[in-house]
Structure formats: C-alpha cells, structure tokens
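Quick notes on the structure that follows.
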Protein chains: 2
Amino acid sequence: MRKVEAIERCNCDVIHEDVVNHVKEQMPKEETLYDLAELFKVFGDSTRIKILWALDAAEMCVCDIAVLLNMTQSAISHQLRVLKQAKLVKNRRDGKVVYYSLDDEHVRQIFDQGLTHINEI
Amino acid sequence: MRKVEAIERCNCDVIHEDVVNHVKEQMPKEETLYDLAELFKVFGDSTRIKILWALDAAEMCVCDIAVLLNMTQSAISHQLRVLKQAKLVKNRRDGKVVYYSLDDEHVRQIFDQGLTHINEI
DNA sequence: TTGTCATGTGAACAATTATTCATATGTTCA
DNA sequence: TGAACATATGAATAATTGTTCACATGACAA
C-alpha cells in the first residue's frame with residue numbers, strides 16, 4: 001500500500017533501489033529534520049542576522065537595536081520574539097527598558113561555518 | 001541628513017548612544033550579512049535539509065531522491081537547482097542520468113551545530 | 001530519424017512571512 | 001493617580017517562496 005502511494009506521488013521509477021533503501025535507513029527522524037530546518041529558517045533573514053551579530057557584540061535594548069538598524073521599534077520587537085522562541089536570545093527587564101542578549105554560545109560558531117562557506121565560493 | 005532619516009524611521013530615541021556606536025563599528029559589511037542570511041535561507045527548508053542529508057549518505061540521481069522523499073521529480077529538481085546555486089551540491093552526467101552529491105564539507109558541521117542547539121533546548 | 005526516458009524550467013497558484021499601523025501593556029516618576 | 005516612555009502585539013498588507021502543471025531539453029537506442 002505504501003509503495004503504491006509512493007509510485008503515484010513520484011512520476012518516475014526507482015533507478016537504484018539499493019541506494020534508496022540504504023539512504024532511507026540512514027535518515028534521521030522526520031521531526032528532527034523539520035526542527036533543523038525551522039532553526040535555520042530563523043537564521044535565514046538578514047534583519048535577524050544583524051540583530052544576532054549586534055547582540056554578539058553587546059547587550060542592547062530594543063530601542064538601540066532599532067536605531068542601529070534604522071528600522072521601526074515594532075519590526076525589531078517582532079523579530080526579537082522569533083529569536084527568543086528559537087532560544088537564541090534572552091532578555092532581562094530593568095525598569096522600563098528590556099535588554100536583550102545572546103542565549104546560545106553556538107551562534108557565533110554557526111556564523112563562522114556559514115562565513116567559511118561564503119568565503120570559499 | 002543621515003541622522004534625521006534615522007530618527008524619522010525609528011520612532012524612538014537612542015538610549016545608549018555609546019553602545020550603538022560601538023556595535024556599529026563591530027558590524028560586518030551589509031553585503032556579508034545579507035549573503036549569510038541567503039545561505040541560511042537555503043538550509044531553512046525541510047525538503048532541502050532532507051536532500052542534503054541524503055546526499056551526505058550517498059550520491060543519488062534526481063529520480064531516486066524523488067522516490068526517497070515521496071515527492072515529484074519536478075519539485076526535487078527545482079530544489080536541487082537552489083542547492084547548486086548555493087554551491088552546496090554538484091552534479092555529474094552519466095548518459096541520461098544526472099547524479100548529485102555534496103559540494104561542501106561544511107554541510108555536516110553546520111548540521112551538527114544546529115542539532116547541538118536543538119538538543120539543548 | 002524517431003521514440004523513450006531522465007531531467008530541467010517557466011508560469012501559475014498556494015502558503016508563508018516580514019513589516020507596518022494602531023493600539024495595548026507595563027513601568028517610572030511627578 | 002495620571003502622564004510619559006519603552007516595549008509588546010494583533011491585524012492587515014506586501015513580498016517572498018515552495019510546489020504543481022505542462023512542456024522543453026538532452027541523451028540514448030532502435
């Protein structure tokens with residue numbers, strides 16, 4: 001039953017069944033791959049990249065980031081929420097001001113890997 | 001002139017001007033940050049993550065990947081183009097069949113960093 | 001050359017997402 | 001308490017993007 005669906009879905013025949021079966025065994029759980037894509041999606045926006053880079057240099061409040069990037073406070077606040085949900089950023093409140101900072105020591109390493117790739121092209 | 005625009009754009013005042021100026025000096029070129037975001041955008045789709053993971057296990061032709069992921073050949077082909085443009089994947093032709101494989105040894109390291117982050121949450 | 005097979009691709013559509021606008025929340029200070 | 005300020009957020013809009021569909025391309029074999 002499952003095979004029939006696969007053939008209906010994919011409009012071509014399996015050429016190397018052994019390779020496909022071997023790779024299928026190696027693949028991680030669907031959920032893991034989905035989560036990984038979701039994480040990289042967070043990195044896949046230049047505004048968020050800029051925010052992360054800025055916070056890697058210093059703890060900053062929302063307003064400062066907005067001025068730095070020349071964007072509205074609202075836009076920054078929305079993006080900070082995305083970054084916080086991804087556990088990449090944390091915040092603390094000091095009176096009226098909310099300070100944001102990095103919440104993951106891997107951010108810089110992920111950046112470095114990406115930069116290495118870019119520079120090789 | 002530039003400052004006036006910034007103030008018009010951002011509806012709040014600079015609170016920590018010294019921090020903003022310091023961070024501004026640390027920021028890489030706009031273009032670099034943009035390219036970095038574009039690269040991560042490529043990783044930010046579960047279909048492409050699956051393809052990369054599969055090709056990390058074995059060289060495969062388009063048709064095999066389509067069967068493996070239970071998707072149309074066309075969808076896979078479109079995504080392979082994106083991956084190739086990002087220099088993450090390369091291909092070779094053998095008769096009618098085109099074989100794809102990884103073109104970057106950092107893919108696995110980038111995956112690992114991402115997985116490490118996910119597993120820590 | 002003609003038919004078949006594997007892959008590539010343009011256009012259309014559907015779905016997702018970043019930003020804006022208006023307004024709400026929460027804190028401080030007078 | 002009420003005004004002022006920093007930040008958060010829901011809804012709407014604009015832009016981007018993944019998939020499908022139909023068809024084109026390129027290679028091989030008869």
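Just so it is clear, the structure is predicted and the values come from calculations on it, not from any experiment. In what follows, every chain begins at residue 1, and chains take the letters A, B, ... in the order their sequences are listed.
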Give each protein N/O atom lying under 3.5 Å from an N/O atom of nucleotides 8-10 of chain D, with the pair distance.
from   : atom 1 : to       : atom 2 : distance (Å)
D/dA8  : OP1    : A/Tyr100 : OH     : 2.7
D/dA8  : OP2    : A/Ser77  : OG     : 2.9
D/dA8  : N7     : A/Gln73  : NE2    : 3.0
D/dT9  : O4     : A/Ser74  : OG     : 2.7
D/dG10 : O6     : A/His78  : NE2    : 2.9

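When ring centroids are compared, B/His16 and A/Tyr99 come within the 6.0 Å threshold.
Atom-to-atom, CD1 of A/Ile65 to P of C/dT19 comes out at 14 Å; the value is rounded to the nearest Å. As a whole-Å value, the separation of B/Gln79 CD from D/dT19 C1' is 8 Å. As a whole-Å value, the separation of B/Ile76 CD1 from D/dT20 C1' is 13 Å. We find that CG of B/Leu83 is positioned 14 Å from P of C/dT9, with the value rounded to whole Å. Nucleotide C/dT16 holds its C1' atom 11 Å from the OH atom of A/Tyr34, rounded to whole Å. A straight line from CG of B/Leu69 to P of D/dG18 spans 15 Å, rounded to a whole angstrom. Computed from coordinates, the B/Tyr99 OH to C/dT7 P distance equals 8 Å when rounded to whole Å. If you take CD of A/Glu38 and P of C/dA15, they are 17 Å apart, rounded to a whole angstrom.
Across D/dG18, D/dA6, C/dT19, the shortest atom-to-atom separation from the side chain of B/Arg48 is found for D/dG18.
Not one side-chain nitrogen or oxygen of A/Lys96 sits closer than 4.0 Å to the OP1 or OP2 atom of D/dA4. Taking side-chain N and O atoms only, A/Thr72 has no distance below 4.0 Å to OP1 or OP2 of C/dT19.
Just one residue in the list A/Ile76, A/Ile51, A/Ile65 forms a side-chain contact (heavy atoms from CB on, under 4.5 Å) with A/Met71, and that residue is A/Ile76.
The closest donor-acceptor contact from the side chain of A/Asp64 to the backbone of A/Met60 lies at 3.5 Å or more, if one exists at all.
Ion pair A/Lys87/A/Asp103 not flagged as a salt bridge, since none of the NZ, NE, NH1 or NH2 atoms sits closer than 4.0 Å to an Asp/Glu carboxylate oxygen.
Looking at heavy atoms from C-beta onward, A/Val23 lies in side-chain contact with B/Leu68 at the 4.5 angstrom threshold.
Heavy-atom neighbours of B/Glu105 CD from other residues, nucleotides or ligands within 6.0 Å: above the threshold of 12.
Scanning for side chain to side chain donor-acceptor pair (under 3.5 Å) contacts around A/His106 gives A/Asp104, with sequence neighbours left out.
Between A/Asp94 and A/Lys41, the residue whose closest nucleotide on DNA chain C is further toward the 5' end is A/Lys41.
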